[in-house]
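Heads up, the thing below is written out as structure tokens.
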Amino acid sequence: MEVWREVIIELYGPSGGFDNPNIHGGKGIWETIVSSCQNLSNLGLNFLASITKSIANSCTVKFWTDPSIGLGEKLKDKFPRLFTLESNKEVVFKDLWSFSAEGWQGSWYWRTSLRGRLLDEVNELTNFLSKANFRPQGVAKGASFPWISIVPLKVNIFSWRLMNGGLPTHTNLARRHIYVGTDLCVLCNQEQESEDHFFFQCPSVQGTWRKLWAWWNVNLSVFSSLEVFKSELFGGENRRPVNLNLQAICMVLLWLIWKKRNPILYADVVDVKRLKDEDIFPTL
């Protein structure tokens, strides 16, 4: 496959011809493929966006200049100010955006410290890459995650991101060299905002978990961490998973806790206390 890639680049350029309108109507096999993709694009369908891009340790795809990374648009054109500040403009994709046990993460190397609008652009880039369809070679998509059919798809996707370290909590952002001025929990402003603290240890959410246990009449303590949550609910060594409906309710609760966060994060000062005091389950 690497040989064919080099041949196509030699004949049609780094973009493979996808950004060349003159290739339309060509008679060769590759020209026909590109032409068909352009026809789909004219109908509002992004063919490149539907492809799962496999990223291996030997991958040599350039992060900023390969249009397949930007879903048909080069990232250097989509984020020109960040490209200007990039310390290595020829950097390969796997060196900036890689997969680990904590999920997909960015490692940025800027020529200067970022602040203000530039931090917002890094967040936009991170969100863009998080929504793209990348898969590390040899890792099955969604491996080791218990998808539950009775909850909405958005809850499953959220839970997958949570369990793979993909949520933009303050500690996760700092790990990716994205600094937002504070690493404290949005709800209590007392401890670092890790997944363990925000979803389980924060005093603002522990009462909600206790209310859930009382509603279901189950004798469980508040989970101390994400690992304990996964072990208690989905089973582990010498442990059986709990009732499927309770699993679903807990996943929805995690999603509701996260959903409560963003309005607080971006609220005016006068509204913050009211939003923090709102009860996720006011009728229970």
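- Counting heavy atoms of neighbouring residues, nucleotides and ligands inside a 6.0 Å radius, atom CZ of R81 exceeds 12 of them.
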ring-ring contact (aromatic ring centres under 6.0 Å, His included) evaluation trace for F83 with W110:
CA-CA 9 Å; F83 179 67; W110 311 112; over 10 Å; no
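- The two atoms that bring A248 and V151 nearest to each other are CB-CG1, 3.3 Å, heavy atoms only.
- The distance from atom CG of D277 to atom OG of S204, rounded to the nearest 0.5 Å, is 8.5 Å.
- Taking CZ of F158 as the start and CE of M163 as the end, the distance is 9.0 Å to the nearest 0.5 Å.
- Rounding to the nearest 0.5 angstrom, the gap separating the CG atom in L119 from the CD atom in E124 is 11.5 Å.
- Counting heavy atoms from C-beta on, the side chains of L85 and W108 never come closer than 4.5 Å.
- Atom OG1 of residue T182 and atom CD of residue Q192 lie 9.5 Å apart, to the nearest 0.5 angstrom.
- In terms of hydrophobic clustering, with Ile, Leu, Val, Met, Phe, Trp and Tyr side chains grouped at heavy-atom distances under 4.5 Å, Y266 and V272 are assigned to a common cluster.
- The environment of NZ in K89 is crowded: more than 12 heavy-atom neighbours from other residues, nucleotides or ligands sit within 6.0 Å.
- In this structure, the side chains of M251 and N156 come closer than 4.5 Å at one or more pairs of heavy atoms.
- Within the 4.5 Å cutoff, the side chain of N189 has heavy atoms near those of the K276 side chain.
- Between atom CZ of residue R111 and atom OG of residue S87 there is a gap of 8.5 Å, rounded to the nearest 0.5 Å.
- Listed for the S231 side chain is no donor-acceptor partner under 3.5 Å among the backbone atoms of E227.
- No side-chain heavy atom of F63 sits under 4.5 Å from any side-chain heavy atom of V92.
- Evaluation of the side chain to side chain donor-acceptor pair (under 3.5 Å) rule for E86 yields W64 as partners, not counting sequence neighbours.
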Is there a salt bridge (charged side-chain N to carboxylate O under 4.0 Å, His left out) between E193 and R261? Walk through the geometry before answering.
CA-CA 11 Å; E193 191 186 71; R261 175 183 183 269; 2.8 Å; yes
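- The pair E90-K62 meets the salt-bridge criterion, with a side-chain N (NZ, NE, NH1 or NH2) lying under 4.0 Å from an Asp/Glu carboxylate O.
- How far OG of S224 is from CZ of F200: 9.0 Å, rounded to the nearest 0.5 Å.
- Heavy-atom minimum distance, C202 versus L187: SG-CB, 3.9 Å.
- Scanning both residues, I257 and F199, for their nearest heavy atoms gives CG2-CD2, 4.0 Å.
- A donor and an acceptor atom, one from each side chain of E195 and N172, are located under 3.5 Å apart.
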Show your working on side chain to side chain contact (heavy atoms under 4.5 Å, CB included) between F229 and L254 and close with a plain yes or no.
CA-CA 11 Å; F229 170 84; L254 290 173; 3.4 Å; yes
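- By the criterion of side-chain heavy atoms lying less than 4.5 angstrom apart, applied directly or through intervening Ile, Leu, Val, Met, Phe, Trp or Tyr residues, L184 is not grouped with L275; the two fall into different hydrophobic clusters.
- Using a 4.5 Å cut-off on side-chain heavy atoms (C-beta onward), L226 and F198 make no contact.
- Residues C250 and W209 come closest through the heavy atom pair SG-CZ3, 3.9 Å.
- Nearest heavy-atom pair, V186 versus L265, reported as atom, atom and distance to 0.1 Å: CG2-CD1, 3.7 Å.
- In plain terms, the two heavy atoms of I249 and W216 that are nearest each other are CG1-CZ2, 3.7 Å.
- Taking 4.5 Å as the limit, some side-chain heavy atom of D279 sits within range of a side-chain heavy atom of K211.
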Worked verdict on D183 versus T169 for side chain to side chain contact (heavy atoms under 4.5 Å, CB included):
CA-CA 8 Å; D183 63 354; T169 59; over 6 Å; no
